[in-house]
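The next block holds one structure in the form of structure tokens; read it before the comments.
None of these values were measured; they are calculated from a predicted model. Naming: A, B, ... by sequence-line order, numbering from 1 per chain.
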Amino acid sequence: MILVENISKIHRRNDGAPVHALRNVSISISAGEFVTIRGASGSGKSSLLNILGCLDRPTGGSYRLAGEDVSSYSDRSLARIRNQKIGFVFQAFQLLPRTTAVENVEIPMVYSGSRVDRRRALQALERVGLGARARHFAAELSGGEQQRVAIARALINDPALVLADEPTGNLDFAASSEIMRIFKELHADGRTIVMVTHDESIAAHARRQILLSDGAVIEDAAICAEERWQ
Amino acid sequence: MKSIEQCKQGMRAIVRFRRRSVFMMAGIAIGVATLSVLNSIGENTRRDTVKRVKNMLGTFDTVMVRPGGKTRGMVSLSNVDPSLKFEDAAAIAREIAGVKQVARLQNAFDIDVSYRDQQISPAVFGVSDNWLALRGDEVEQGSFVSAEDDRRMMRVAVIGSDVRKSLFQQASPIGKTIRIGGVPFEVKGVLASRGAGPAGASLDNIVIIPVSTASRRLFNRDFLTMIIAQVKDPDDSTKVAAAISRLLRERHQLAPGMLDDFNITDPQAVLAQLTNVNSTLTMILRGVAFLGMFGGGVVIMALMTLGVSERRREIGLRQSVGANRGDILFQFLFEAFVVASSGGLFGAAVSWGGVEAVAAYQKLPAVFDQQALLASIALAAIVGVVFGSYPAWKASRVDPVAALRS
Ligand SMILES: Nc1ncnc2c1ncn2[C@@H]1O[C@H](COP(=O)(O)OP(=O)(O)OP(=O)(O)O)[C@@H](O)[C@H]1O
Ligand SMILES: [Mg+2]
């Protein structure tokens, strides 16, 4: 599913000084895997996820997504891939606050080239247990509910790959557990999930952990203790 | 399909940010209202000018020939070149195909006209009987100078409404004897009031007598102060004017290179000049109006640019779920287009009231040109898109990664 080879990412600070966010990262993720990425703040987790999500381009190296070499793709083609193949979930939810839950969920359909299907958006909300909140403004929902709306939005175009950048980072324990339950369901459906997290207990849900430090992979291990997953 | 759905998104954004949208609409509305009101002032003024020109030239199918070179304004027997003869008038009528009929005029301004103890100095016009028809004048009371009067050099007069007021007050003037330069004339008619000419002077302070009487019994002059040729087809007036010019040059034996000793007024040319859409007034009005539209455009640009920086997260989110740069550009341009054209519509509605008010102030009928209205709404939409294109371009350049980090 994902094959990154020797990618690096150099951000430019405002004063022009380079920041090496990623150094020669090579990762291969198969379809259907549930991978977490951990690391200290500033270790490059988000930078990596943004590249995996075709939202950003690596400074060097190559990236193949589902067999396509997307390193050289145009803005249009990358947008198309984000729309069709990738679902993004963010720490800060990124909902339009003065827009209803169901209208937030519909946004990816706008760019899919087909009609916005209200019924499908409502079904997606029901799947995350928010059918009753569909017509509420996003700003009126709790953090956990907002994140569930965001997940429904990420799933609306049925992507094979779901990328989540600290999806529980702003949530309390109960809400986090609910979100993780949903992610496990998605994984059970056969989706590939890559999740950035600080939290070891969250990371323990995954079968594979990648540890980043200062922009480099320092550990990439399958979690043996199968029972911890169950 | 994508663009339809995107338009819906744009409409929702306009509603979501309604306060900002309303301010943008107001900016454009003011621009359009300024444009429409100024346009109607210009149009009203132009129509008023056309009316005054018609007053002077009578119907628009007459070519006027006056003696002397580049004479300006009204001439009279006392200050004119004796170059234009009765025979010239006859020759024009006879030889130029496009001419329907020719009226002759011999006029003076310094003749005393009196009735009993009242004395005034109106314009005295010796005219042929067809003068009335050619000028589009109307007789209010009595009758006009007839062909018979002219042929027999009758001492009869038709007076303008100002003259009637000055000499007769309320009394009926018909059949009364007035003295023109001491010679007695019988009043046989009164003209309907004409109002003011292009210079603003009254056209009603006038006494009309047969041209033959004027020439032989009053002024003792054998030349004319004006020949008026009525053309068969008003569209031909320019051609007829040229033909008359050729004929007169030949009759007056002017060698090539010599200046004309007459001058010809082609109504088409006069009208074109006076109603020139590029006159200074219209240019100034237009300049102010465009400044108004420009102001509206700047309001759109400023508020939209603010909006784009406030909506960076939304833009980043849209990009993350599949919008490309073109999509973002499109949505923001669409929003600008909708806001500006509805602002234009609103401004047009407001200006309706404004135009009525201006018309009432100018004491002229309101000119509300539907086409100009549509044009101004279209202009508003164009202004919206043009001035919205900078913020829309800014929006399309938002870096999603940076926008979503904030
Ligand atoms: N747009 C940017 N411009 C400049 N520097 C950046 C930019 N984005 C990231 N960086 C830098 O790159 C490094 C990696 O950032 P990144 O956001 O990937 O870290 P992270 O592991 O996600 O951290 P966190 O856990 O705090 O989210 C950091 O040093 C950060 O300051
Ligand atoms: Mg991060």
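For Phe346(B), the CZ atom sits in a loose shell: 12 or fewer heavy atoms of surrounding residues, nucleotides or ligands are nearer than 6.0 Å. The environment of CZ in Phe17(B) is crowded: more than 12 heavy-atom neighbours from other residues, nucleotides or ligands sit within 6.0 Å.
With sequence neighbours excluded, the residues forming a side chain to side chain contact (heavy atoms under 4.5 Å, CB included) with Phe183(A) are Phe34(A), Val89(A), Ile151(A), Val162(A), Ala164(A), Pro167(A), Ile179(A), Leu186(A), Ile193(A), Met195(A), listed by chain and number. Annotation: side chain to side chain contact (heavy atoms under 4.5 Å, CB included) contacts of Ala380(B) (sequence neighbours excluded): Ile28(B), Val32(B), Met293(B). In this view, Leu285(B) and Leu38(B), Ile41(B), Leu281(B) satisfy the side chain to side chain contact (heavy atoms under 4.5 Å, CB included) rule, not counting sequence neighbours.
Only the side chain of Leu317(B) comes within contact range of chain A, judged by heavy atoms closer than 4.5 Å.
Annotation for Val401(B) and Leu55(A): closest pair CG2-O, 3.7 Å, computed over non-hydrogen atoms.
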Hey, what donor-acceptor pairs show up under 3.5 Å between chain B and chain A?
from: Glu5(B); atom 1: OE2; to: Val116(A); atom 2: N; distance (Å): 3.0
from: Arg16(B); atom 1: O; to: Arg98(A); atom 2: NH1; distance (Å): 3.3
from: Arg16(B); atom 1: O; to: Arg98(A); atom 2: NH2; distance (Å): 2.4
from: Arg16(B); atom 1: NE; to: Thr99(A); atom 2: OG1; distance (Å): 3.2
from: Arg318(B); atom 1: NH1; to: Tyr111(A); atom 2: OH; distance (Å): 3.0
from: Gln319(B); atom 1: O; to: Arg82(A); atom 2: NE; distance (Å): 2.6
from: Gln319(B); atom 1: O; to: Arg82(A); atom 2: NH2; distance (Å): 3.1
from: Val321(B); atom 1: O; to: Asn83(A); atom 2: ND2; distance (Å): 2.8
from: Ala323(B); atom 1: O; to: Arg82(A); atom 2: NH2; distance (Å): 3.4
from: Arg325(B); atom 1: N; to: Asp75(A); atom 2: OD2; distance (Å): 3.0
from: Leu404(B); atom 1: O; to: Gln94(A); atom 2: NE2; distance (Å): 3.0

